[in-house]
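Written out below as structure tokens is the structure these notes cover.
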Amino acid sequence: MDEDLSMEFQDVVRRRRMVRTFDPDRPLPDGALDRMLDNAVRAPSAGFSQGWAFLALEGRDETTRFWDATFPAIERSSFEWPGLFDVPTIVVPLSHKQAYLDRYAEPDKGVTDKRESFWPVPYWDIDTGFAAMLILLTAVDEGLGALFFGIFPERMAGFREAFGVPDEYTPIGAIALGYESPAGDRPSGSLKRGRRPASDVVHRGRWQGGSR
Ligand SMILES: Cc1cc2nc3c(=O)[nH]c(=O)nc-3n(C[C@H](O)[C@H](O)[C@H](O)COP(=O)(O)O)c2cc1C
């Protein structure tokens with residue numbers, strides 16, 4: 001990069017937090033969405049399967065179609081963070097299990113019966129999650145706010161229908177991307193739980209301490 005405006009990596013990690021109230025008047029800066037998506041596809045993936053896809057929605061028409069499909073107006077009116085619906089951009093990362101089953105049936109892997117029991121955990125969702133994390137971190141690097149949030153199971157069919165998403169692809173959630181409202185955001189009540197320090201969750205050498 002000629003002019004490197006990027007943040008220090010440690011600052012990016014430490015500043016990352018979910019933002020739920022966006023500035024309705026500020027779209028993403030030029031090229032920011034492409035930079036986030038270009039970083040997303042640098043995520044690692046099992047067998048380099050890259051079984052992911054990203055539905056990028058920009059501007060009112062497209063984001064309104066998303067909210068209408070996933071968050072009915074009646075529920076929106078009582079939602080704790082109404083400023084979420086002002087977000088200018090949404091990226092939906094989708095995982096593609098079949099791409100992994102097919103990739104691992106190739107000669108260098110040899111899982112020819114494509115059995116799901118081969119998989120210790122669903123790497124298609126994990127790898128798509130890695131890609132989503134790169135989007136979240138790149139958003140911080142761009143000075144943007146972001147929220148990763150779930151799409152409720154009962155809204156999945158409506159979401160697919162609204163955007164013509166094939167059945168083989170499963171959204172792992174959605175990412176709202178925009179500038180935080182100048183009026184600020186309200187932190188989630190979940191944060192009262194406090195961050196569990198590494199010393200609580202790391203087991204060195206062997207499992208010891210409590211069962212959690
Ligand atoms: C898989 C996943 C799903 C989440 N779903 C939601 C959601 O549906 N709504 C929401 O407001 N926040 C959601 N969050 C954000 C978490 O509440 C947030 O990450 C957590 O409270 C820690 O806060 P921080 O990310 O700002 O550090 C989700 C986060 C993850 C990783």
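Indexing begins at 1, ligand by ligand and atom by atom, following the structure's order.
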## Note on the structure
ligand 1 to Gly150, heavy atom cutoff 4.0 Å, flagged ligand atoms 5 (N), 7 (C), 8 (O)

### Query
Would you call Asp200-Arg195 a salt bridge at under 4.0 Å N-O?
no

### Query
Measuring to protein heavy atoms, does anything land under 4.0 Å from atom 6 (C) of ligand 1?
yes

#### Entry: Distance filter under 4.0 Å to Arg16 heavy atoms, resulting ligand 1 atoms
24 (P), 25 (O), 27 (O)

### Task
Please state whether Leu147 comes within less than 4.0 angstrom of ligand 1, counting heavy atoms only.
yes

### Message
Closer than 4.0 angstrom, basic N to acidic O: yes or no for Glu142 and Arg35?
### Response
yes

### Message
Please determine whether a side-chain nitrogen of the Lys or Arg among Glu80 and Arg20 lies less than 4.0 Å from a carboxylate oxygen of the Asp or Glu.
### Response
no

### Query
Quick one: do Arg155 and Asp68 make a salt bridge, cutoff under 4.0 Å?
no

### Task
Could you tell me whether Asp102 and Lys109 have a side-chain N and a carboxylate O separated by less than 4.0 Å?
no

### Summary
Among Phe152, Phe79, Phe148, Trp81, closest by heavy atom to atom 13 (C) of ligand 1 is Phe148

### Message
Give me the nearest non-hydrogen protein atom to atom 18 (C) of ligand 1 as residue plus atom name, then the distance to 0.1 Å.
### Response
Met18 CG, 3.8 Å

### Query
Quick one: is the NZ or CZ of Arg26 closer than 6.0 Å to the six-membered ring centre of Tyr179, and within 45° of its axis?
yes

### From Arg17, Lys192, Arg20, Arg193 - option closest to atom 12 (N) of ligand 1 by heavy atom
Arg20

